[in-house]
Amino acid sequence: MAYEHKSIERKWREEWRKRGTYRVENDPSKPKYYVLDMFPYPSGAGLHVGHPLGYIASDIVARSKRQQGFNVLHPMGYDSFGLPAEQYAIQTGQHPAKTTEVNIARYREQLDNIGFSFDWSREVRTSDPAYYKWTQWIFLQLFDSWYDHAAQKARPMAELIERFEKHGWNGNDGSALTGNEELEPLAEFGHTDWATFSERHKQGILLRFRLAYLSEAWVNWCPALGTVLANDEVKDGVSERGGHPVERKRMPQWSMRITAYAQRLLDGLDGLDWSESIKESQRNWIGRSEGALIRFALASGEGSVDVFTTRPDTIFGVSFVTLAPEHELIAQITPPERMAEVMAYVTQAKNRSERERMTEVKRVSGVFTGAYVKHPFTHMDVPVWVGDYVLGGYGTGAVMAVPAGDQRDWNFATHFKIPFTAVTANWDISTGADESKEATLANSVFLNGMKVADAIPRAIDELVKKGVGERRINFRLRDAAFGRQRYWGEPIPIYYKDGTPYPVEEQHLPLVLPEVDKFLPTEDGEPPLARAKDWSYNPLQGRVANGDGAYPLETTTMPGWAGSSWYFLRYMDPKNEGRFASPEAINYWQQVDLYVGGSEHATGHLLYFRFWTKFLKERGWINFDEPAKKLVNQGMIQGQSAFVFRINGTKIIASHEWFHRLMAAHDDADIKQLANDVNLQLGYIAFTEMGEITMDAAKATFKDAADQGISFKDCDFQNITELHIDVNIVQNNIVTIDALRSSRPEFQDAEFLGEGETLKCGTLVEKMSKRWLNVVNPDDIIERYGADTLRLYEMFLGPIEQSKPWDTNGIEGTSRFLKKFWNLFHSAVASTHGVDPEAGNAFLVDDAEPTKAELKVLHATLKKVTEDIERLSFNTSVSQFMIACNSLHELKCHKRAVLEPLTIVLAPFAPHIAEELWQLLGHGESIAQATWPKWDAAHLVEDSFSYPISFNGKTRLQLEFPIALDAQGVEAAVLANPEVQARLEGKAPKKVIVVPKRIVNIVL
RNA sequence: ACGGACGUGGCGGAAUUGGUAGACGCGCUGGACUUAGGAUCCAGUGCCGCAAGGCGUGGGGGUUCGAGUCCCCCCGUCCGUACCA
């Protein structure tokens, strides 16, 4: 029978589901392999062909590992909390859970059509209370932990309390990190003091040490979304989702102390097999820089201005100190007579949105506070300025300005005419700052004549000696904002007693999302959860109705990344009700062996994912501190848009070709000719710009045919517009006029200027999106070519990590391959002339002994494909399958001994057809159970090798010699060859290089 | 500006350790078989040239018997970060 992808694929999808083919149990007797895809957020838009790219790659790995004898965990689930469902709820009133349900159902159907081997019995959803019970539980563990800096690990709060009871807090205890650095430093206390503190006071102190903590903090507030966003959710001063403006706001905020892990998140990267670009993004995001903290004592009165600098060697070049507008010292140090002016600047600077601040990078602004600090070495007065080029959120929010050594300081000093001197030798400070790391220092007392690299440690030594500074490592990484003023997220399991946060009892988890009348904030700006009538808590009873004796519950919910920070663990044991996953399951599955997902998560999800894993390890819940050993980022599939041209103000739609003809028409004669050619009453065509033809520059006007005398100058010039048309009605860049007419209402009565019944379109590669009408739906491809073809083609497009445009035309190649492969099993296709009417009709696999040539094809393929899967080079494996298939057709090979192993290795790529052929070959089991065949080098050995003979590195001829012939033998034989002799023209070669089994090079 | 990735036919791409550049597929050209072709098969297809031959991996230099691959400089594209002190 002929190859019918539709019935075959339907049959096997049902069969796999019925048999539970891909269900996996923990089986410690087998080696494990864990392949994980970043789970999707199922939006309403459905899949386009770019989405499954990563899933197909991981499915190939999962299937091949399974056949290679591994116990493979290959799960799928959904990141089902999220903003779009909530926004839809606000608009329509439909509960986000319902929206999510519908989207997931559609998503699942699309995934199923592609034939993935996910173990759906392990599906998880972050919005499922059975799942988020454990997200909340992990939050409570974080709430119950502090970071011991000396031991470099998180420890339970009980140990900190014990420490306070015994030793108090000396205020400078490097072994414990306190909370938000923007707060007042925590005053020291003795153990006797601790005993006298009120419960409230104690809790206040403890809160500053917790890894999940509540504090006043500067947050990214997005008024349009009505919520706080984490740093990684803000791009260029607007929200990543929706592009709404974001402003800085100070408010009480739940945060995660990821900063405690900065150094370890950085160090851990070295051991990971992740792409260099992701690792580099994380390094930049963490932003470690070494330098010094220097204290500049205030000239008048108490206190000091602390600055962080990476160039303490330039200390003698300090000509002023600049504070960020947010700096809390400004109000303190500014003398009364300058207060009004300074505060006016501060207010104005703070109110400028992030966005404005970024677009106005070049503009210098600032104000002198009127206060001075003392230079730590010269004791001279140094003026203190406020400038918005200093960021409140980085370092101490203050810098020592060295105009001679830093361009930003130079710009500021030059703008405000603040005097300064050079600190490096042979440098003209009138032109700019000397930022070179190779410079030699000058005018710098004890640093004179030293190189920067030597001067830095020396300067720090002197600062330490004088007690005015110390070595300091600073990180760019900020603690992560954890609360969201939204409905559709995990409730934070915290209640408030006397204004102090307390954890909800573990037995009362999950703390289930309450029902609310609207999904909007309350009138007084409280988050949606505040609308619920039963959003309060009694530690003895659990959730209770609001009222007497009930404590109010936290009303913010967790951010999207909470649930995804640990989901890989839940897959190991998804139904466990007593623990997030059993120790046995965790111990067996361990880390993810291969994690596949997009690179857009580099500084968000992938960092939190690592952070939580490290935390869970330290608290003894798991035994590894990195979640994924290997990570690959699949590239983006771009869309290929098609468009035709509309001559504005007319009903004319022109093809790409005609557009260029119109543009190329130079004079009246050309134009008349054109009008005749198209047999349309186009009349006059005029052009303004005849030079380079670009869409923008192209301008044309059509006048009434009667008006033949009108000159160019009198025409109304209008643009030609490129109109995107749906790529699904286009084939090989050609679209029929019929299809065009029915595709858009405005095309119905258009006049088409094209190639007869068709138009040739222009094409453009851009993002695949509805807007450009270039979305290709996998369902349509599957309907027409089948899932196996889709899978093969997506892999064949190019390297998995690379972005590339989708071109449906190219899919014919892989489709043909599958037909040809099928025909290997069915009947010989006529090889010389014409069609074999019997082609593909009879199953004719024979049991004959394979020839040497056939075995060579087989084993070369087994080797190549096995190795290619290992290095995720799927495009080259597909090409190898094609080569094998073509060779076997040439050899007219229909032998079981060859085709059977070939089918097994094809199965991960094209599982449906492989399964069907496997059954036709007489096997009852699924091909998923078939053992991966091993390649045998013996079949690949050649008797002879065709040496390329090159002269001075340029190949000129080929000579075949036995493989056994050694280098001398080859050399002698080559030189004896008449053709070589002819090229030598009787002269002796300078040198002859023979690399056995590779090449011969003759140097003349 | 800094950091990362990359640059090969008309197109997607191959070349895994420095060893025959352009595998495989699309497209294109010609042919066969056909009532038909969006089916199938055969042949060709880097560029220039009738050919012999020459030229070719963004450009320029270098190392080497030999460079797409290694080194230096420059140009370009994409991604990330962006006043980070």
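Excluded from the calculations below are hydrogen atoms, water molecules and symmetry mates; all remaining heavy atoms, backbone and side chain alike, are included. It should be emphasised that the depicted structure is a prediction, and the values quoted were computed from it without experimental measurement. Labels below follow one simple rule: chain letters A, B, ... track the order of the sequence lines, proteins then strands, and each chain is numbered from 1.
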Exercise for the section: Remember a base hit wins even if backbone is also touched, and classify R784(A) as base, sugar-phosphate or nothing at under 4.0 Å, heavy atoms. Expected result: base
Practice task
Could you work out the separation of C65(B) and U20(B) based on their C1' atoms and round it to a whole Å?
Solution key: 16 Å
Problem - Check: I811(A) main-chain N/O paired with S815(A) side-chain donor or acceptor under 3.5 Å - result: no
Exercise for the section: Could you run through RNA chain B and flag its stems, i.e. three or more consecutive Watson-Crick or G-U pairs with both distances under 3.5 Å? Expected result: B:1-7 with B:75-81, B:10-12 with B:24-26, B:27-32 with B:40-45, B:46-48 with B:53-55, B:58-62 with B:70-74
Handout entry: Pairwise C1' distance for U57(B) and C6(B), with rounding to whole Å
Key = 14 Å
Side chains of residues 795-804 of chain A: which donor-acceptor pairs under 3.5 Å do they make with residues two or more places apart or in other chains?
| residue | atom | partner | partner atom | Å |
| --- | --- | --- | --- | --- |
| S803(A) | OG | M636(A) | N | 3.1 |
| K804(A) | NZ | P799(A) | O | 2.5 |
| K804(A) | NZ | Q802(A) | O | 3.0 |

Practice task
Take Y389(A) and S365(A), measure what side chain to side chain donor-acceptor pair (under 3.5 Å) needs, and give me the verdict at the end.
Solution key: CA-CA 8 Å; Y389(A) 80 99; S365(A) 82; over 6 Å; no
Exercise for the section: Using the P atom on both, measure G49(B) against C28(B) and round to a whole Å. Expected result: 23 Å
Exercise for the section: May I ask you to say whether R871(A) pairs ionically with E867(A), meaning some side-chain N is under 4.0 Å from a carboxylate O? Expected result: no
Completion exercise
side chain to side chain contact (heavy atoms under 4.5 Å, CB included) filter on A455(A), not counting sequence neighbours, yields D313(A), L441(A), L447(A), M450(A)
Practice task
Find the distance W806(A):CH2 to C11(B):P and express it as a whole number of Å.
Solution key: 20 Å
Handout entry: Inter-nucleotide C1' distance (A21(B), A36(B)), Å rounded
Key = 42 Å
Practice task
Ignoring backbone atoms, establish whether K804(A) has a side-chain N or O less than 4.0 Å from OP1 or OP2 of G12(B).
Solution key: no
Practice task
Measure from CD1 on I993(A) to P on U20(B) and round the result to the nearest Å.
Solution key: 15 Å
Problem - Atom-to-atom span, CD1 of I637(A) to P of G12(B) - whole angstrom - result: 13 Å
Could you tabulate the donor-acceptor pairs under 3.5 Å formed by side-chain atoms of residues 289-296 of chain A, not counting sequence neighbours?
| residue | atom | partner | partner atom | Å |
| --- | --- | --- | --- | --- |
| S289(A) | OG | Y394(A) | OH | 3.0 |
| E290(A) | OE1 | R471(A) | NH1 | 3.3 |
| E290(A) | OE2 | R288(A) | NH1 | 2.7 |

Exercise for the section: Determine whether the aromatic ring centres of F909(A) and F881(A) lie less than 6.0 Å apart. Expected result: yes
Problem - Lys/Arg-Asp/Glu bridge criterion (N-O < 4.0 Å) met for R311(A), E435(A) - result: no
Exercise for the section: Pick base, sugar-phosphate or nothing for V995(A), based on heavy-atom distances below 4.0 Å to the nucleic acid. Expected result: base
Handout entry: Of N1001(A) and T310(A), the one whose closest RNA chain B nucleotide lies more 5'
Key = N1001(A)
Practice task
Establish, with yes or no, whether the OP1 or OP2 oxygen of A85(B) is under 4.0 angstrom from a side-chain nitrogen or oxygen of S289(A).
Solution key: yes
Exercise for the section: Mind calculating the distance between OH (Y389(A)) and P (A82(B)) to the nearest angstrom? Expected result: 20 Å
Exercise for the section: May I have the distance from W822(A) (atom CH2) to U40(B) (atom P), rounded to whole angstrom? Expected result: 17 Å
Practice task
Verify the distance criterion only: is there a donor paired with an acceptor across the side chains of Y3(A) and N823(A) at less than 3.5 Å?
Solution key: no
Problem - Distance-only donor-acceptor test (3.5 Å): side chain K864(A), base U16(B) - result: yes
Exercise for the section: Determine the sole option in Y785(A), F874(A), F817(A), W806(A) for which the ring-ring contact (aromatic ring centres under 6.0 Å, His included) test with Y793(A) is passed. Expected result: W806(A)
Practice task
Using a 4.0 Å cut-off on protein heavy atoms (strictly under), produce a 5'-to-3' string for nucleotides 21-29 of chain B with B for base contact, S for backbone-only sugar-phosphate contact, and - for none.
Solution key: S-BBSSS--
Handout entry: Syn/anti state of G9(B) by chi, 90° boundary around 0
Key = syn
Practice task
With C1' as the reference atom in both, quote the distance from C11(B) to U17(B) in angstrom, rounded to an integer.
Solution key: 31 Å
Problem - Gap in Å between the two P atoms, one belonging to G76(B) and one to A85(B), rounded - result: 28 Å
Completion exercise
In whole angstroms, the gap separating C1' of C83(B) from CG of N411(A) amounts to 10 Å
Problem - Spacing between L797(A) atom CG and A14(B) atom P, to the nearest angstrom - result: 11 Å
Handout entry: Ring-face cation contact, W274(A) with K279(A), 6.0 Å cut, 45° max
Key = no
Exercise for the section: Please answer whether the main-chain N or O of I429(A) pairs with a side-chain N or O of W410(A) as donor and acceptor at a distance below 3.5 Å. Expected result: yes
Handout entry: d(CD1, I949(A); P, G66(B)) in whole Å
Key = 17 Å
Practice task
In plain terms, say whether D868(A) and K863(A) are close enough for a salt bridge, that is, a side-chain N and a carboxylate O under 4.0 Å apart.
Solution key: no
Write down the protein N/O and nucleotide N/O pairs, taken from nucleotides 47-49 of chain B, whose separation is under 3.5 Å; answer none if there are no such pairs.
none

Fill in the blank from the handout: Heavy-atom nearest nucleotide on RNA chain B taken for R476(A) and for G798(A); more 5' hit belongs to G798(A)
Exercise for the section: Please measure how far the C1' atom in G66(B) lies from the corresponding atom in G19(B), and state the result in whole Å. Expected result: 7 Å
Practice task
Tell me which nucleotide among U20(B), G4(B), U40(B) gets nearest to the side chain of K819(A).
Solution key: U40(B)
Exercise for the section: Please state the P separation for the pair G18(B) and C70(B) - nearest whole angstrom. Expected result: 8 Å
